[in-house]
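Before any comments, here is the structure.
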Amino acid sequence: MLELQLYNSLTRKKELFVPLDSDHVRIYACGPTVYSYAHIGNARMAVVFDLLSRMLRKIYPKVTYVSNITDVDDKIIEASQKTGEPIKTITEKYTRIYNEDMSALGVNLPDIQSKATEHIGEMIVLIEALIKRGHAYESDGHVLFNVPSFPAYGGLSGRSRDEQIAGARVEIASYKKDPADFVLWKPSSDNEPGWNSPWDVNNGRGRPGWHIECSAMAEKHLGLPFDIHGGGVDLKFPHHENEIAQSCCAHGELNDLASFSKYWVHNGFLTVNGEKMSKSLGNFLLVHDLIKQIPGEALRLTLLSAHYRQPLDWSEDKVSQSKRMLDRFYHRLNQMNDMVSEKTDVPDAVYSALLDDLNTPKAIAALNSLLKTQNSPELKGQLLAAGELLGLLQEKPKEWLGYETNIDIDVDIALIETLLQERKKARSNKDFVRSDEIRDELLTQGIEIEDTKDGAKWRKVN
RNA sequence: GGCACGGUGGCAGAGAGGCUAUGCAACGGAUUGCAACUCCGUGUACACCGGUUCGACUCCGGUCCGUGCCUCCA
């Protein structure tokens, strides 16, 4: 197989990916709301779509990957009221931290990281088009999308309008014509962020509803239709469903759900020790914290260790497995340090696994199988090429394995050398008690001794 | 309640109508003063019940169990 297959949530089938324009592939993925640190579930989305964009770039000459930053949202307002920090301070801070944290996971910045607050004008244009075409209406200071005006509504998530009303556990606001209607624009009070709009009430200020930003930004930066729209499965309904409704209806495409995005890709949910992350359980794992304890690359490999559409249960055990696996790879790379790697393509087994709907577990298995062959410039080239595509194995082996410690000098190299000398002497005198004492002492400091043919070496562990 | 997705060896996790997944752990061996590191080798699986088939863990139906969505959520 030489072509990319992707599971398309819209058709519920694995399909051959055929770009709308093979000279320019366009992809959009829903990014974070910046009011706090990103958790490991956010990271899964970022890593999955980072990998997808890497694959697309390998295949096609030009790829534009857009991912948004939601910087206007009720949760941000709440955070601001709680901490007293201005909204802009909060959103800028967490955008910066998000990008730093994702970078630690080997995630490249998207080509365009669009911010909601910079696209209010485009949102207003879209909402006006919806009103004009009879898909939206003003009510009590709000502008709402009228779901019954779009008979195809629900096509992505596969639930009819009746079904969701039947199951709805929310109170239905009185200003809605239909219980399924959702907000496009809402009024802002004086202490909430707001922009002038054609639907001014309450001193003339309002702010967008959640869904409209993605419709507006995807259209602006990618044009319609574009190739791939992605995000977590939990966004399928209602967020993505609503995006489709807004974008299709604004352009009169009532019968073609794919007139917005041709393919829809959803990554599975992440649980922690079998449970959903939630504030009440206190099991929110923040990337910001994890990267202090574990190399980002081990986290990335853990996220890629299950297929992207499968649920992934996060556990320390899984992370340490990933770390061990990387140790093995780096060990082999270290053995080949002096070899000039041969320039090679990504090995077929790895590449074809990824072409098959990003089957990363299979790709990783193939990568492991490469280790069965002997060290050679070719092997080194293959490992590095496959690693580059996956966003792995790009560190210096000596540093990864701890043979070279960079700046973090909680290690007294002179002392270690002295102790190693003493141990050498003790061993030659068969004073194994002292020799083992030194070994244990160094180990408590995180220094592991390796006895080799060329004498003792040491490396920093953990 | 509705919709959807799963149940694979000790654990994680792919796959496939008949052909070794892979990793971690475990065990055996090499190496070592003993270890660690490293290397070599080994084992165990496909929830349950029917059906289709020459043959199913893989296809179909049912049962049981688990998870997610239906409300903010990656």
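We use all heavy atoms of the structure for the numbers below, so side chains are in, but hydrogens, waters and symmetry mates are not. Since this is a predicted model, take the numbers as computed values, not measurements. Throughout, a chain's letter reflects where its sequence line sits, starting with A, and its residues are numbered from 1.
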Out of B/rC11, B/rG33, B/rG13, whichever nucleotide has its closest atom nearest the side chain of A/A306: B/rG13

Taking the side chain of A/R328 as its heavy atoms from C-beta onward, which of B/rG15, B/rC24, B/rC34 lies nearest to it? B/rC24

Using 4.0 Å as the upper bound for N to carboxylate O, is an ion pair formed by A/D74 and A/K186? yes

Has A/F432 got its ring stacked on the base of B/rG33, with centres under 5.5 Å and planes less than 30° apart? yes

The residue, A/V433 or A/S157, whose nearest nucleotide of RNA chain B is more 5′ is A/S157

B/rA25 phosphate, OP1 or OP2: any side-chain N/O from A/R324 under 4.0 angstrom? yes

Whole angstrom is fine here: how far is it from CG in A/N273 over to C1' in B/rG66? 16 Å

Whole-Å gap separating P (B/rU32) and NZ (A/K457): 17 Å

Using 4.0 Å as the upper bound for N to carboxylate O, is an ion pair formed by A/D451 and A/K457? no

A/K115 NZ to A/I120 CD1 distance, which is reported to the nearest 0.5 Å: 13.5 Å

Distance, rounded to the nearest Å, where A/D234 contributes CG and B/rA74 contributes P: 7 Å

Can you work out whether A/M45 or A/Q335 has the more 5'-proximal nearest nucleotide on RNA chain B? A/Q335

Inspect the contact between A/D313 and A/K318 and indicate whether a charged nitrogen and a carboxylate oxygen are less than 4.0 angstrom apart. no

Rounded to the nearest Å, what distance is computed from the CD atom of residue A/E450 to the P atom of nucleotide B/rA36? 12 Å

Give a yes/no on whether any side-chain N or O of A/N368 is located under 4.0 angstrom from OP1 or OP2 of B/rA21. no

Assign the ring pair A/Y153 / A/F237 to parallel, tilted or perpendicular, where the plane angle (0 to 90°) is split at 30° and 60°. perpendicular

Round to a whole Å and report the spacing from CZ of A/R434 to C1' of B/rG33. 17 Å

Touch class at under 4.0 angstrom, heavy-atom based, for A/D436 against every strand present: base

Taking only side-chain nitrogens and oxygens of A/K236, does any of them come within less than 4.0 Å of OP1 or OP2 of B/rC3? no

Tell me the interatomic distance from A/E316, atom CD, to B/rA12, atom P, rounded to whole angstroms. 16 Å

